[in-house]
Amino acid sequence: MGRRYDPGRRQRIIDAAIRVVGRDGIAGLSHRTVAAEADVPLGSTTYHFASLDELLVAALRQTNEGFAAAVRDSDVLADADRDPAGELARLMGEWLGGERSGVELEYELYLAALRRPALRPVAAEWTDGVTEVLARRSDPVTARALVALMDGICLQVLLTDAPYDEEYAREMLTRILSAGAGAGVPP
C-alpha cells in the first residue's frame, strides 16, 4: 500500500505540538506525545521535523502571531490623531484579557529561546516585526523601548497574577513616546 497524500499533516503536527506545550509545557513535548496528539504515525513527526527544536521553531512562529497581528492590524499607526500609547495599552489589555492559556503559551515558547538557541532567531523575528510596525509612528530606538516595556508589563502580569493596569501601561508608553519626541522624533 502506498503512502497516503495528506497535505495538512504538517500543520496538524504543529497544532498538536502547540496543544501539548499548552497542556504539559515544553518538558512534555516529544515526537511521541505530538504524534499521539495529532493522531499520526510517529514517523510523520520525524519526517516533517527532524528535531524537537525544528518543531518548536514552527510552533513559535505560529504562536507569535497573537499580539503581533493585533498591533499590525490596529489603525493606531495610520491615524495621526489617535493616541498611540492609549491604543497600545488597550491592545495589551485585550490580549492579556483573552484566553490566558494562549498568552502563557506564547510567552513560554518565546522564553524557551533562553535555553534553545535554535528558537532565538524566531523570537527576534517577533521583536523586530513589532518594532518595525511601531517605528512607523516613532523611530526604531523608541519602538524597541516600547516593545521592551510591553514585554515587561505582560510578563509581570503573567508571573505575578496581578491585574493588568491599562492606565499605568498608557502612562509608561506615553513617557517613552514623549522621550522619543523630545529627541526630535514625531510622536
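Remember, predicted model here, so these are calculated numbers, not experimental data. For reference, positions follow the sequence shown, starting with 1.
Every ring-ring contact (aromatic ring centres under 6.0 Å, His included) that Y110 has, sequence neighbours left out, goes to Y107, W126. Checked against side chain to side chain donor-acceptor pair (under 3.5 Å), R120 has no partners two or more places apart in sequence or in another chain. The side-chain contact (heavy atoms from CB on, under 4.5 Å) check on E132 picks up R136, with sequence neighbours excluded. Listed by chain and residue number, nothing satisfies the salt bridge (charged side-chain N to carboxylate O under 4.0 Å, His left out) test with D39 (two or more places apart in sequence, or in another chain). Scanning for side-chain contact (heavy atoms from CB on, under 4.5 Å) contacts around E54 gives F49, A50, S51, with sequence neighbours left out. For E37, the salt bridge (charged side-chain N to carboxylate O under 4.0 Å, His left out) criterion is met by R19, R23, not counting sequence neighbours. Residues passing the salt bridge (charged side-chain N to carboxylate O under 4.0 Å, His left out) test with D53, sequence neighbours excluded: R116. Among residues two or more places apart in sequence or in another chain, the side chain to side chain donor-acceptor pair (under 3.5 Å) test is passed with H48 by none. Every residue meeting the side-chain contact (heavy atoms from CB on, under 4.5 Å) condition with T131, not counting sequence neighbours, appears here in chain and number order: T127, A143, R144, V147. Checked against side-chain contact (heavy atoms from CB on, under 4.5 Å), R115 has no partners two or more places apart in sequence or in another chain. For R170, the salt bridge (charged side-chain N to carboxylate O under 4.0 Å, His left out) partners are E167, not counting sequence neighbours.
Here the closest heavy-atom approach between residue L177 and residue S138 is recorded as CD2-CB, 4.0 Å. Between G86 and E166, the shortest heavy-atom contact is O-OE2, 4.5 Å. Taking both residues in full, the closest heavy atoms of R137 and R82 are given as NH2-O, 3.0 Å, listed atom of the first, atom of the second, then distance. When all heavy atoms are compared, the tightest approach of A85 to T174 is CB-OG1, 3.1 Å.
Residue pairs meeting the ring pair (Phe, Tyr, Trp, His ring centres under 6.0 Å) criterion with at least one partner in residues 138-176, sequence neighbours excluded, do not occur; the list is empty.
Between the CD1 atom in I13 and the NE2 atom in H31 there is a gap of 9.5 Å [rounded to 0.5 Å]. One finds the CD atom of E125 at 11.0 Å from the CG atom of L119 (value rounded to the nearest 0.5 Å). With rounding to the nearest 0.5 angstrom, the CG atom of L96 is 6.0 Å from the CG atom of L158. For the atom pair I14 CD1 and L60 CG, the distance stands at 11.5 Å (nearest 0.5 Å).
Looking at M92 and V157, their side chains never come closer than 4.5 Å, going by heavy atoms from C-beta outward. For the pair D15 and Q62, the minimum side-chain heavy-atom distance is below 4.5 Å. In this structure, the side chains of T45 and L55 stay at 4.5 Å or more apart for every pair of heavy atoms. With a 4.5 Å cut-off on side-chain heavy atoms, V21 and T63 do not count as touching. The shortest distance between side-chain heavy atoms of V103 and C154 does not fall below 4.5 Å. For the pair L173/M150, a side-chain contact is recorded, criterion being any heavy-atom separation below 4.5 Å from C-beta on.
In the hydrophobic cluster analysis, where Ile, Leu, Val, Met, Phe, Trp and Tyr join through side-chain heavy atoms closer than 4.5 angstrom, V141 is grouped apart from I176. L42 and L56 are assigned to two separate hydrophobic clusters, defined by single-linkage of ILVMFWY side chains at heavy-atom distances under 4.5 Å. Following chains of ILVMFWY side-chain contacts shorter than 4.5 Å, one can reach L88 starting from L155, so the two form part of one hydrophobic cluster.
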(request) For D24 and T33, run side chain to side chain contact (heavy atoms under 4.5 Å, CB included): C-alpha distance rounded to whole Å, both residues' side-chain angles, the deciding distance at 0.1 Å, then the answer. (result) CA-CA 10 Å; D24 303 328; T33 59; 5.7 Å; no
